[in-house]
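Structure record follows, encoded as C-alpha cells.
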Amino acid sequence: MTVTTIEEIHKYPDQTVTLRGWLYNKRESGKLVFLILRDGTGFIQCVAFKKDLPEEVWDAAKSVTQESSLMITGSVRKEERAPYCGYEMGVQNIEIVSKVEGEYPISLKEHGADFLLEHRHLWLRTPSQMAVMRIRAEVMAASRDFFNERGFVNVDAPIITANACEGTTNLFQIDYFEDQAYLSQTGQLYMEAAALALGKVYCLGPAFRAEKSKTRKHLTEFWMIEPEVAFLTFEENLAMQEEYVSYVIQRVLKTRAAELNLLERDTSKLADITAPFPKISYDDAVKLLQEKGSEIQWGDDLGAPDETLLGEHFQKPVFVHRFPSAIKAFYMKPDPDRPEVALGADLIAPDGYGELIGGGQRIDDYDLLVQRIQEHDLPMEAFGWYLDLRKYGSVPHGGFGLGIERFVAWISGVEHVRETSPFPRTIYRIQP
RNA sequence: UCCAAGGUAGCUCAAUGGUGGAGCGUCCGCCUGUUAAGCGGAGGGAUGUGGGUUCGAAUCCCACCCUUGGAGCCA
C-alpha cells in the first residue's frame, strides 16, 4: 500500500493510499462519519459510510476520539464539497495507533492566553500555530540564505559567557564549576572578533535577557541574527539591513502564502515592504514626535508609544539614526561630525511591533573604547580580548541584531511574540 | 519594580447582598454531505486562598497568591 502525506495527495487521484496522522475533528451524521485528519503537512476530510465498511472499521470510525493517532487507508478523490485541501478520502480501513481516552484538553472553541500557554505542547497542533511555525522556519532559512549567498560565513557565538556585554542587571547568572557565568545577551562582541578574521560573518542563535518585561514584544529567551562586517560604512550597514528585511519578507510572501492566508494576514501591506526604507535622524524624530503630542525631550530614549507613532506615520519600517551617545551602548561609534550622537540606527517596525533591529558602527579606536568602558563602569579585565581587536589591525566595522520572534510576529500578523516561539519563555513561565 | 484589569464547571463566560447558570467539550441516543455540523438527554462546582462585615457574601471590606495587559528596559 502506498503511504503518502496530505501535501502529496493530489498526486494520487482515484488511487488507494494510506495516510498517517491524528484526528483533528470528527463530524457524524447517522450512517456517515467525517474524520478530519491532520498529518503535519495539511488537513483532509475522510468520509466513512457504514454500508461500505466492515463492522470493525465502522466501529473504529465511530469511536475514534480527537487527537487519537491513526492510519487511514482509502481512495483519493477530488471533491468540491470537502474543506481544506480540495481532496477527500473515501475510507476503506482505519487502524487506530493510539486512542485518546477521556477529554482532549484543547477544544476547537476559543481559549484564553494562559490556558493555551499551559498547553503549548498541544496548542502547537492547531492550524494557526502550525502556520506560524512554518513561517518562522522560512524566516530562519531565508535569513541564512540571504547572508550565505552574499559571502558571509556563519560563525556561532558562545551562549555561556563571562562578561556582561551590555550591563549586568539583565543577565541570567549560572554556576560554572567554581565560577559564575552568564547566559549571553548578544553574540555581537564575538561577531566583531570573527569579522576581523573572516570579513563578513553572522550568527543566528538564542539570546537571554533577564528583563522583567511583560509585554507582547518581550521574551526572556529569543533568537537573534547578528551580522557583522569589517570595513563597512554606516550607509552600507543601513543598506544591508533594508535589503535583508525586504528579502525575507518577499520570500515568505512567495513560499508561505497559504500560511499567511490562514492567519488572515493582509499581505498587500507586506508586498510594499521593499528597500529603501525611510530614514529619520533622532533630532528630526524628536521634533516630529513632539508635533504629534509626545512629551519626549532631546536626550530621552524613544518610548514604546513613540515607536508606535513613528510606525503609524511612515507605514513602513523606519530607521531612526544618530541617537545621543549617552543613551546607547558603550561600543557605539560617535559620529565624527557630531560626537554627541552615535553612528547607530534602530529599525522600527510598523503596527506597534517595536524595535526590530538595533545596529550601527562600533568604536574602532582603542583609547576611546577604554574610556567608554570606564564611563559605563564595566570591568576592564573582562574586555581584554575585545580591546585586542582594536590593538591588532583595527578597522571600521559595523553590524546589527534582529529579533527573530518580533520579525515573525510582524510578518505573521500575530499579536504577541510568544506565539512565534515554539516554547516561549517569559518572566513567570518556563513550562512547558 | 510600578500602574490597570481579572480569577465562578475541563474551556469561554453570565449571575441588583437572597436556592450558582448558559454555550462548547465529555458520555448516551437520533440523523447519508457535515464545514468550530445539528437535535434530544445525562454527568460535571471548597465561586483563587485566608480573614472580616451581615440574618444571609460569587457579589461589600482587608491581606496574600496567581493570571493578563501596559510602563520602564530592550531585539
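Within every chain, numbering begins at 1; the chains are lettered A, B, ... in the order of the sequence lines, protein sequences first and strands thereafter. Because the structure is a prediction, the values reported are computed rather than measured.
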What does A:Gly112 touch in the nucleic acid at a heavy-atom separation under 4.0 angstrom: a base, only the sugar-phosphate, or nothing? sugar-phosphate
Minimum-distance nucleotide (side-chain atoms of A:Phe49 versus B:G69, B:C24, B:G33): B:G33
With a 4.0 Å cut-off on heavy atoms, is A:Tyr84 in touch with a base, just the backbone sugar-phosphate, or nothing at all? nothing
Distance, rounded to the nearest Å, where A:Leu108 contributes CG and B:A36 contributes C1': 6 Å
When all nucleic acid strands are considered with a 4.0 Å heavy-atom cut-off, which category describes A:Lys50: base, sugar-phosphate, or nothing? nothing
Side-chain-base donor-acceptor pair under 3.5 Å for A:Arg406 and B:C74: yes
Shortest side-chain distance from A:Ser107, nucleotide among B:C73, B:G25, B:U68: B:G25
Using atom P in both nucleotides, what's the gap between B:U54 and B:C13 to the nearest angstrom? 35 Å
Atom OH of A:Tyr428 and atom P of B:C65 are separated, to the nearest Å, by 10 Å
Tell me which nucleotide among B:A75, B:G33, B:U12 gets nearest to the side chain of A:Phe115. B:U12
On the nucleotide B:U68, are OP1 or OP2 found under 4.0 Å from the side-chain N or O atoms that A:Arg429 carries? yes
hbond_proxy A:Gln45 side chain to B:U34 base (donor-acceptor, 3.5 Å cutoff): yes
Report yes if a donor N or O on one partner sits less than 3.5 Å from an acceptor N or O on the other, where the partners are the side chain of A:His111 and the base of B:C11; otherwise report no. no
What is the separation between atom CD on A:Gln185 and atom P on B:C73, rounded to the nearest whole Å? 15 Å
Rounded P spacing from B:A9 to B:A46 in Å: 9 Å
Applying the Watson-Crick and G-U wobble criteria at under 3.5 Å, what pairs with B:U32? Answer none if nothing qualifies. none
A:Phe34 CZ to B:A36 P, straight-line distance once rounded to whole Å: 13 Å
Across the strands shown, which category fits A:Ala304 at heavy-atom distances under 4.0 angstrom: base, sugar-phosphate, nothing? sugar-phosphate
For A:Lys212 and B:U67, what is the distance between atoms NZ and C1' respectively, to the nearest whole Å? 17 Å
Roughly how far apart, to the nearest Å, are B:G21 and B:G45 at atom P? 13 Å
Looking at the angle O4'-C1'-N9-C4 for a purine or O4'-C1'-N1-C2 for a pyrimidine, is B:A46 syn or anti, with syn meaning within 90° of 0? syn
Measure from the ring centre of A:Phe222 to the centre of the six-membered ring in the base of B:A75, then say whether that distance is under 5.5 Å and the planes meet at under 30°. yes
Which atoms form the tightest heavy-atom contact between A:Thr426 and A:His218, and what is the distance? CG2-O, 4.3 Å
Distance, P atom - from B:G52 to B:A57, rounded to whole angstrom: 12 Å
Closer to the 5' end of RNA chain B via nearest nucleotide, is it A:Asp301 or A:Glu103? A:Glu103
Report the residue (A:Glu79 or A:Lys26) whose heavy-atom-nearest nucleotide on RNA chain B is the more 5′ of the two. A:Glu79
Backbone N/O of A:Thr233 and side chain of A:Glu236: donor-acceptor pair under 3.5 Å: yes
Is there a donor and acceptor pair closer than 3.5 Å between the side chain of A:Glu88 and the base of B:G33? yes
Considering only heavy atoms and no angle criterion, is a donor-acceptor pair shorter than 3.5 Å present between the side chain of A:Ser213 and the base of B:G72? yes
Could you work out the separation of B:A58 and B:U26 based on their P atoms and round it to a whole Å? 31 Å
Suppose you measure atom C1' in B:G51 against the same atom in B:C11; what distance do you get, rounded to whole Å? 31 Å
Do A:Phe383 and A:Phe330 have their ring centres less than 6.0 Å from each other? yes
Under 4.0 angstrom, heavy atoms only, what part of the nucleic acid is A:Pro83 near: base, sugar-phosphate, or nothing? base
Can you see whether A:Arg81 engages A:Gln45 through a side-chain donor-acceptor pair at a distance of less than 3.5 angstrom? no
Atom CD of A:Gln66 and atom C1' of B:G25: how far apart are they, to the nearest Å? 8 Å
Rounding to the closest angstrom, what is the interatomic distance between B:U1 and B:G72 at atom C1'? 9 Å
A:Tyr331 side chain to A:Gln188 side chain, donor-acceptor N/O pair below 3.5 angstrom: yes
Between atom CG in A:Asp306 and atom P in B:C74, what is the gap in whole Å? 14 Å
Grab the CG-P distance between A:Leu219 and B:C74 for me, whole Å please. 17 Å
